[in-house]
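Counting from 1, the numbers follow the sequence of the chain as shown. All values derive from a computational prediction rather than experimental measurement.
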Amino acid sequence: MEKNAEDVPGSACLIGKEWAFYSNTNFVLLPKGEPEETADDTYRHVTGHWYGWRGWDPL
């Protein structure tokens with residue numbers, strides 16, 4: 001497995017999937033720093049080191 005340059009040790013991404021629809025809203029645990037928004041990804045602080053993440057919607 002190739003290591004991504006944006007990987008942060010101890011970080012995690014929780015992705016919810018439903019059988020009937022695709023969701024582009026997820027959660028990110030970032031133990032240090034803050035996520036950087038891009039044209040495709042937005043973040044909002046939830047609590048502690050947790051952020052809500054909304055990615056590009058392909059639909």
Nearest heavy-atom approach of Pro31 to Pro9 is CG-O, 3.4 Å
Heavy atoms only: give me the nearest His45-Trp50 pair and the separation to one decimal.
CD2-O, 3.7 Å
Could you tell me whether Phe27 atom CZ has more than 12 heavy atoms of other residues or ligands within 6.0 Å of it?
no
Residue of the set Leu14, Asp41, Thr25, Val46 for which side chain to side chain contact (heavy atoms under 4.5 Å, CB included) holds with Trp53:
Asp41
Under the criterion side chain to side chain contact (heavy atoms under 4.5 Å, CB included), which of Asn26, Leu29, Leu30 is the partner of Tyr51?
Leu30
